[in-house]
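These numbers come from the heavy atoms of this one structure, side chains and all, not from hydrogens, waters or symmetry mates.
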Amino acid sequence: MVLPRRRLLHTVGTASVAALAGCSELNSLGSESSEPEYRLRIEPVETSLTEHALYEPDDGALFGAPARTALDAILPEGRYTTYGYKPLPTDAYVGYEGAYYQTKHIVTGRERTERSLVRVDTVADDEVPDSALLVDNLERPSARTLKILHTYTQSEGKSSAADLLRDDAYVLRRPAELESRLGTGDLDNRVVTMTESGAWAYRVTVTTERIVEPAYTAFAAEVAGSRDVFREVVLGSRVDAELTADSLSADVRSIIEEAVSAEMYAETPPLSDAYEATLGALGLHDVEQAKNGQLLWYNEQLYRYSLYIVQPSTRGA
């Protein structure tokens, strides 16, 4: 249940933030109040609304290359199937020959296929051989896999890395993974360390097993036939708050504009009516924790905004 705002001011948790500069006489940075501080940060986004919304694969072999292959196959009306992984983000917007599409995935079956599975076992510090390899000297596909297994091992399976594993093993699926030193078996039975000092060392095991993989079929759904229509699609689906100066009171405009020019505006309770109204206009009136990376469309310009709730013990952050 969302707490009433006044009660919420005394119950929210701490949010760690990076050092923020730019304060006015209206905000309360540096105060000795025992109340949490509400920091609003608004930053201009240096791209247009539509360009910001469009997905563009990176140039890397691990994620970018499979994504480009998939896009070439599905635009404008094709299908592309992979097993065990999705080469594209779901619901990403892409442009093609003046029209705009959104990527989709559906499961179209499953298949038993041969895969390489990577596991690691901890090696004691006094048993690390001189031939041990430093993880950061490996190519990205191998290094990334081993770092995921390291995080999983150190957290005893409780980190988010667990979602990337299958029965304590990382399954190599992407083309760059299959061509890596792990995929070719070159690192099987080798010891890899996470640091130059030899700390956090693991013996790597690579096995070949036949496992059942879901078939993910990607396709593109057209959402707009022109840039103007696509702009409306983005406003309706990706923008968290759409405001104009004319629709706001002078006090609210002042707070928003100060948050933009000074990069941050802050108050401690009791919050002023103008600040309450500002948070309400941004959809932040009843938050229980920090919110990051929201998008604001204000006076025909795109901004990214965040609210940090900072307890007195971390007020200097």
Side-chain angles (χ1 to χ4, degrees), residues 56-73 80-90 105 107 109-216 218:
E56 180 69 25
D58 63 41
D59 293 328
L62 184 57
F63 295 103
R68 291 183 185 281
T69 298
L71 286 176
D72 288 343
Y80 185 77
T81 298
T82 51
Y83 295 89
Y85 74 99
K86 301 174 183 178
L88 292 165
T90 299
H105 291 92
V107 175
R110 59 181 186 165
E111 181 177 287
R112 184 172 293 277
T113 187
E114 198 171 84
R115 293 293 196 199
S116 293
L117 278 70
V118 183
R119 297 178 175 86
V120 296
D121 293 303
T122 302
V123 176
D125 290 348
D126 58 357
E127 296 179 5
V128 177
D130 293 338
S131 60
L133 302 171
L134 178 64
V135 69
D136 287 337
N137 289 339
L138 300 175
E139 82 284 18
R140 186 188 178 200
S142 293
R144 174 179 176 272
T145 296
L146 295 173
K147 287 178 180 180
I148 289 171
L149 289 165
H150 162 68
T151 300
Y152 174 79
T153 302
Q154 293 300 314
S155 67
E156 299 181 342
K158 296 177 183 178
S159 73
S160 58
D163 296 336
L164 302 173
L165 304 183
R166 179 189 183 114
D167 298 331
D168 298 335
Y170 185 93
V171 183
L172 303 180
R173 297 182 173 103
R174 295 175 177 273
E177 292 174 336
L178 301 177
E179 297 166 3
S180 70
R181 294 183 67 181
L182 281 174
T184 62
D186 183 53
L187 297 181
D188 185 34
N189 203 37
R190 296 292 300 271
V191 174
V192 177
T193 67
M194 297 296 113
T195 67
E196 291 185 357
S197 67
W200 292 318
Y202 302 94
R203 186 169 299 278
V204 179
T205 301
V206 183
T207 59
T208 300
E209 303 175 26
R210 290 185 64 82
I211 62 175
V212 176
E213 296 274 58
Y216 294 108

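The side-chain heavy atoms of Leu146 and Leu182, taken from C-beta on, include a pair separated by under 4.5 Å. Between Glu196 and Leu134, some side-chain heavy-atom pair lies under the 4.5 Å cut-off. The shortest side-chain heavy-atom distance between Leu172 and Leu117 does not fall under the 4.5 Å cut-off. By the 4.5 Å heavy-atom criterion applied to side chains, Val204 and Asn189 are not counted as neighbours. Side-chain contact between Leu149 and Leu165 is present, with heavy atoms from C-beta onward closer than 4.5 Å.
Every residue meeting the salt bridge (charged side-chain N to carboxylate O under 4.0 Å, His left out) condition with Asp136, not counting sequence neighbours, appears here in chain and number order: Lys147. Every residue meeting the salt bridge (charged side-chain N to carboxylate O under 4.0 Å, His left out) condition with Arg115, not counting sequence neighbours, appears here in chain and number order: Glu213. In this structure, the side chain to side chain contact (heavy atoms under 4.5 Å, CB included) partners of Thr69, at least two apart in sequence or on a different chain, are Tyr80.
With respect to Arg210 and Glu111, no salt bridge is recorded, no charged nitrogen being found less than 4.0 Å from a carboxylate O. For the pair Asp58 and Arg68, the salt-bridge criterion is not met [side-chain N within less than 4.0 Å of a carboxylate O].
The minimum heavy-atom distance linking Gly157 with Ala162 is given by the pair O-CB, 3.7 Å. Taking each heavy atom of Leu88 and Ala67 in turn, the nearest pair found is CD2-O, 3.5 Å. Of all non-hydrogen atoms in Gly198 and Ala201, the two that sit nearest each other are O-CB, 3.8 Å. Closest approach of Arg112 and Val212 over heavy atoms only: NH2-CG2, 3.3 Å. Shortest non-hydrogen contact noted between Ser116 and Thr208 is OG-OG1, 4.3 Å. Closest of all the heavy-atom pairs between Pro87 and His105 is CD-NE2, 4.2 Å.
Within a 6.0 Å sphere centred on CZ of Arg166, heavy atoms belonging to other residues, nucleotides or ligands number more than 12.
Of the inter-residue distances, the one linking Arg119 atom CZ with Asp167 atom CG reads 7.0 Å to the nearest 0.5 angstrom. Taking CG of Leu187 as the start and CG of Leu133 as the end, the distance is 6.5 Å to the nearest 0.5 Å. Between the CZ atom in Arg173 and the OH atom in Tyr83 there is a gap of 13.5 Å [rounded to 0.5 Å].
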- request: Please report the C-alpha distance between Tyr216 and Thr81 in whole Å, then the side-chain angles of each, then the deciding distance to 0.1 Å, and finally whether the side-chain contact (heavy atoms from CB on, under 4.5 Å) criterion is met.
  value: CA-CA 5 Å; Tyr216 294 108; Thr81 298; over 6 Å; no

side-chain contact (heavy atoms from CB on, under 4.5 Å) between Thr153 and Thr122, intermediate numbers included: CA-CA 8 Å; Thr153 302; Thr122 302; 3.9 Å; yes

query: Yes or no on side-chain contact (heavy atoms from CB on, under 4.5 Å) for Arg144 and Leu62, after CA distance, side-chain angles and deciding distance?
result: CA-CA 10 Å; Arg144 174 179 176 272; Leu62 184 57; 3.5 Å; yes

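No side-chain donor-acceptor contact under 3.5 Å links Glu177 and Ser180. Between the side chains of Thr193 and Thr195, no donor-acceptor pair of N or O atoms lies under 3.5 Å.
Sorted by first then second residue, the ring pair (Phe, Tyr, Trp, His ring centres under 6.0 Å) pairs that include residues 119-160, not counting sequence neighbours, are His150-Trp200, His150-Tyr202. Applying the ring pair (Phe, Tyr, Trp, His ring centres under 6.0 Å) rule to pairs touching residues 118-139 yields nothing, sequence neighbours excluded. Identified under the salt bridge (Lys or Arg N to Asp or Glu O under 4.0 Å) test for residues 152-165, with sequence neighbours left out: none.
Between the Ser155 side chain and the Thr151 main chain, a donor and an acceptor come within less than 3.5 Å of each other. Here the side chain of Ser142 pairs no donor or acceptor atom with the backbone of Glu139 at under 3.5 angstrom. Checking side-chain atoms of Asp188 against main-chain N and O of Val206 turns up a donor-acceptor pair under 3.5 Å.
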